[in-house]
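The figures here come from the full heavy-atom set of this structure, side chains too, leaving out hydrogens, waters and symmetry mates. Each ligand, and each atom within it, is numbered from 1 in the order the structure gives. Keep in mind it's a predicted model, so treat the numbers as computed, not measured.
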Amino acid sequence: MTQRIYNFNAGPAALPLPVLEEIKQEMLDFAGTGMSILEISHRSKPFENVLNDSIARVKRLLGLSEDYQVLFIQGGASLQFSMIPMNLAIAGKPLDYVDTGTWSTKAIKEARLLGKDVRVVASSQDKEFTYIPSEVPVDGKAAYLHITSNNTIRGTQWRAFPDAAGLPLISDMSSDFLSRRFDPNPFALIYAGAQKNLGPAGVSIVILRKDMLARVPKELPSMLRYTTYAENNSLYNTPPCFAIYVCDLVLKWLEETIGGLEQMEKINDQKAETLYGCIDSLGFFRGTARADSRSRMNVTFRLPTPELESKFLAEAGAAGLGGLKGHRSVGGCRASIYNATTMEAVRALVEFMKDFASKNG
Ligand SMILES: *Cc1c(COP(=O)(O)O)cnc(C)c1O
């Protein structure tokens, strides 16, 4: 019997235990094929069913209209930093970005590498990206407005999205995709690397409003064009079949076991409130994000000294609480509490934190 720990990794991250058990159970014989999902053709009916089921589940969970298409693309969220400006820029129009830290900064850098006219219309760099800008100027002359809904490293998250007033709104939702309800209709494109909140590494989901396809330049390489994925139901070439299969199981778990986004949001709010409540009440830990901008997915905090942080991480690890080290670029501690992280895990962490504070405070 293996011992599973409480996993607070930022990504790749915890998957729902029932999903891992289902994978194990049908690993050698998938859907009565006598073969593993790892061994079947991406053109076979059983795989096509998996792909179409996952697309249908995403559409139902988000309440997407027929105006949207769901695509699976490799290259991580990082490839989308390039594909978005390549496909959706319009000659003579600026590309507007909000800079809320690391991943936004990288998206901006990639668009500039392509020689595009990129404008940073709002930023929280002045305070080390510890908050979400409240004012985002929206200019109808831009080709689109790009934001990052949840900032995985700095632990901030948009509560309400900016009113883009008809300007195509684009969001990197890698670290809070399907964690809460929101109105998808203002968005022209939503993308997320799977390995935070949706499944394993190796695939990204891209939700594209179909009118955007008219912008795609014909001279782009096939593999870098959204039209290629849209016209071939993400089956132009061999997709990452196993990653998509696991995403489908996670989506089924979210819909059928959890009961959808309203339920998921309630659970996620409860987890975040419990953890921030602990941080705020003990007077020992210090949350790094401004209170009104706190992420409900990545809870970032510091201890009074770097020595205490090292001790905290070591003792947490020994107590079966893993993945609490902050990103190497910012240090400190971070508890990632994505959809698959249970309330039980959060309670165990809070008990550990109380105990640690009382012994070291
Ligand atoms: C992890 C992360 C990325 C990078 O994802 P890759 O799949 O590794 O390219 C981009 N944006 C956000 C918000 C992330 O959390």
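- For the pairing with Thr100, the side chain to side chain donor-acceptor pair (under 3.5 Å) check across Asn151, Thr130, Asn150 returns one residue only, Asn151.
- Of the N or O atoms in Gly193, none lie within a sub-3.5 Å distance of an N or O in ligand 1.
- Residue contacts with ligand 1, taken as heavy atom pairs separated by less than 4.0 Å, do not involve Asn151 at all.
- Close approach of ligand 1 to Gly76 is summarised as follows: ligand atoms under 4.0 Å from at least one heavy atom of the residue are 7 (O), 9 (O).
- For an aromatic pair to be called close, the ring centres must be under 6.0 Å apart, and Phe285 with Phe312 satisfies this.
- For Phe81, every heavy-atom contact with ligand 1 shorter than 4.0 Å involves the side chain, none the backbone.
- Residue contacts with ligand 1 include Gln195, since one or more of its heavy atoms lies under 4.0 Å from the ligand.
- Considering only non-hydrogen protein atoms, atom 15 (O) of ligand 1 sits nearest to Thr152 OG1, 2.4 Å.
- Lys109 forms no cation-pi arrangement with Trp103, by the criterion of a distance under 6.0 Å to the ring centre and an angle within 45° of the ring axis.
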Could you walk me through whether Ile205 and Phe72 pass side chain to side chain contact (heavy atoms under 4.5 Å, CB included), step by step?
CA-CA 5 Å; Ile205 196 156; Phe72 287 98; 4.0 Å; yes
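- Ranking protein heavy atoms by distance to atom 11 (N) of ligand 1, first place goes to Asp172 OD2, 2.6 Å.
- Heavy atoms of Leu79 come nearer than 4.0 angstrom to ligand 1 in no pair at all.
- A salt bridge is absent between Arg43 and Glu48; no separation between the charged side-chain nitrogens and carboxylate oxygens falls under 4.0 Å.
- The shortest N/O to N/O separation between Ser78 and ligand 1 falls below 3.5 Å.
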Go through the steps to decide whether Asp176 and Asn197 satisfy the test side chain to side chain donor-acceptor pair (under 3.5 Å), and finish with yes or no.
CA-CA 6 Å; Asp176 67 352; Asn197 219 11; over 6 Å; no
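- Protein heavy atom nearest atom 5 (O) of ligand 1, with residue, atom name and distance: Ala77 CB, 3.5 Å.
- Nearest protein neighbour of atom 2 (C) of ligand 1, counting heavy atoms only, is Lys196 NZ, 2.4 Å.
- Cluster annotation: Ile170 and Tyr229 are assigned to the same hydrophobic cluster (Ile/Leu/Val/Met/Phe/Trp/Tyr, side-chain heavy-atom contacts under 4.5 Å, transitive).
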